Amino acid sequence: MDTRILDRINDPADLKSLSYDEVAQVAQEARDTIISVITERGGHLASNLGVVELTLALHRVFNSPTDSIVWDTTNQTYTHKLVTGRRDEFPNIRLQGGLSGFGEPTESPHDTLAAGHAGTGLSIALGLAQGASQRQLDSWTIAVVGDGAMTSGSSFEAVNNIVHLNPERFVVILNDNGMSISENIGFLTNWRKSLITHPEVQSMIGRARAFSQRVPSGDVLYRLVRRLNTGLAGLIVPTMFWTELGFQYLGPVDGHDIRQMEEVLRQARTPTGSVPLVHVVTHKGHGYEPAEEDPVRFHQPSSPLGAGSGAPTYSKVFSQTLTRLMRDDENVVGISAAMLEGTGLVDVQRDFPGRVFDVGIAEQHAVSMAAGMASGGLHPFVSIYSTFLQRAFDQIVHDICLQNLPVTIIADRAGIVGEDGKTHHGAFDISYLRCLPNAVLAAPMDENELQHLVYTAYRHQGPFAIRIARGAAVGTPLDEELKELPIGKGMVVREGSDVVIFALGKSVSAALQAAERLEEDGISCGVVNPVFVKPLDVELLLNEARRTRRVVTVEENVLAGGFGSAVLEAIAEAGLEYTSVHRIGMPDSFIEHGTAADQRRQLYLDAEGIASNVLNAFFPQVGAPKT
């Protein structure tokens, strides 16, 4: 049986001696490997299938790692990993101890950075190019930027500076697939659509398709017309646009034609006095029909590794509640930053297409826009993943909290997120939100409390943030009527006299299980759902602290400045010197990838870990294992 050519590629240099037929075979073998592993394992599928040929062409023309290839974002580096010595490890991608699903310099010198946020690639690449120039290194820097990243303001800041500095031995690859995660928005997308959807162009393609079915080799003719259609989209307006900005525009290039791409990339290496921008047109999901037909769904198919509860996701419950509010109040609007599907707002948009806004990969703009809407009499709900929300910190401070505006922020995917790993954990939002004047910060313990918190935020005339966990909720039935919760009030969910656990958000379920385990050891453990981080229910906290003198806090946030810190501050201010506090949370380090269950187990955030922490901290005589 013939071995795969891919199995002989242990370094990018091994690609250079291959014929074009052999490279095409490597592309198919890489595509088959990605489909096989990711459909079983979970991960970023459509985006990686779209850049297989582009990756191989880059490695055949340039010399990694001497030449730096900077991907924006690095979730599309699966083929890159396969041809840079990590092929045999690829089946364990995104698992604990396996390859990262993003770029990872500790894995390979071929990875320039571990980037999970779009919009940073051009700036980082420019910095690398300037460093190479000042150190007089004989190397190239290549930035591969998806057109979705061009909706990010930081990309435009970088473009402005690239043209100003005009570095040598620097190439920008614009990977144009019309998509980020959701479909792209903005003027770069509009000019593309306006041309390729023109009636005359579509009529030409339709005639070619009909004709191709009637003549020999008609499929070749049809592909040529399709290529002409793609070319028309890039020959007129974009040429003028990028040239006027100051780039040397090259393209458009068929991103699945390796020979054509290599020719243009070699042309880009020829000095012209301007930074070359190579416009590569690719198709998300290329070569895998389900992903081609639905690239949004197959951007990142759900991981089958974790067992679900069967309950709706927190994002789904939020979107259902927001829909109810929007039916009753036409001033309620929704905003997302290229995450309509992930945040559940795509369902709301179907009912209210004129009141749900996707601003693209532009979190700062989303928050400032919400501030303007609130100033104009609307009540915006801004739903952004916690890891991306941190990019808009200044806008939350300056445009919302300083103005004390009624904007509700949903920090989705807060806490542990599992296989996406260190770039995507929502580990910092409590710390950076609870320090802000005028802000209210809450975390629901279940989906029923979430819907009431959304309604409470709607009724509140000021900044309000709700952090929600990734994935399925706990299965609590939803009340039919929405009710306004008293702000700054928590609740005792289990009585106990020896120790009390203040567990925030999703951690309440694990804390209740831990209390049951402790009861088997003769320890009476209470559990409190604080609901609010800010304002904290100090009265409830002090009452429980005086009664038990042993307090444990549990949160999926870094301990520095988090919920446990708020508890410590309140107890210190009250002078309860005989009360001991033990905090459980995320450490002062970035958490690597793996299943969410494994991560919670390692961080002692599951029931067993919480119980063992309680025993070690307060009841060592019971003989709990040391943590």
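Every value quoted in this text rests on a predicted model; they were computed, and no experiment measured them. Computed over heavy atoms, backbone and side chain alike; hydrogens, waters and symmetry mates excluded.
F502 pairs by the ring-ring contact (aromatic ring centres under 6.0 Å, His included) definition with nothing, not counting sequence neighbours.
A salt bridge does not link K506 to D446: none of the charged side-chain nitrogens sits closer than 4.0 Å to a carboxylate oxygen. Ion pairing between a basic and an acidic side chain is recognised when a charged N comes within 4.0 Å of a carboxylate O; R494 and E519 show such pairing. In summary, K316 and E447 do not engage in a salt bridge, as defined by a charged side-chain N under 4.0 Å from a carboxylate O. Contact check on R517 versus E520 returns no salt bridge, with no Lys/Arg side-chain nitrogen under 4.0 Å from an Asp/Glu carboxylate oxygen.
At least one side-chain heavy atom of L540 sits under 4.5 Å from a side-chain heavy atom of V492. The closest side-chain heavy-atom distance from V527 to V500 is not below 4.5 Å.
The minimum heavy-atom distance between Y314 and V474, with the atom names listed, is OH-CG1, 4.1 Å. Between A427 and M586, the closest heavy-atom pair is CB-CE, 3.7 Å. Closest heavy-atom contact between P380 and A370: CG-O, 3.3 Å.
With rounding to the nearest 0.5 Å, the separation of NZ in K489 from CG in D537 is 4.5 Å. Atoms CG and NE2, from D329 and H379 in turn, are 9.5 Å apart once rounded to the nearest 0.5 Å. Residue R583 holds its CZ atom at 5.0 Å from CG of L559, rounded to the nearest 0.5 Å.
Atom CD of E539 is surrounded by 12 or fewer heavy atoms from other residues, nucleotides or ligands within 6.0 Å.
Aromatic ring pairs are classed by plane angle as parallel below 30°, tilted from 30° to 60° and perpendicular above 60°; the pair Y432 and F393 is perpendicular.
Among residue pairs with one or both ends in residues 381-403, those qualifying as salt bridge (Lys or Arg N to Asp or Glu O under 4.0 Å) are E363-R391; sequence neighbours excluded.
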Could you please spell out the steps behind the ring-ring contact (aromatic ring centres under 6.0 Å, His included) verdict for H117 and F388? CA-CA 7 Å; H117 295 183; F388 302 130; 4.7 Å; yes

Derivation of the ring-ring contact (aromatic ring centres under 6.0 Å, His included) call for H44 and F102: CA-CA 9 Å; H44 293 86; F102 296 85; 5.5 Å; yes

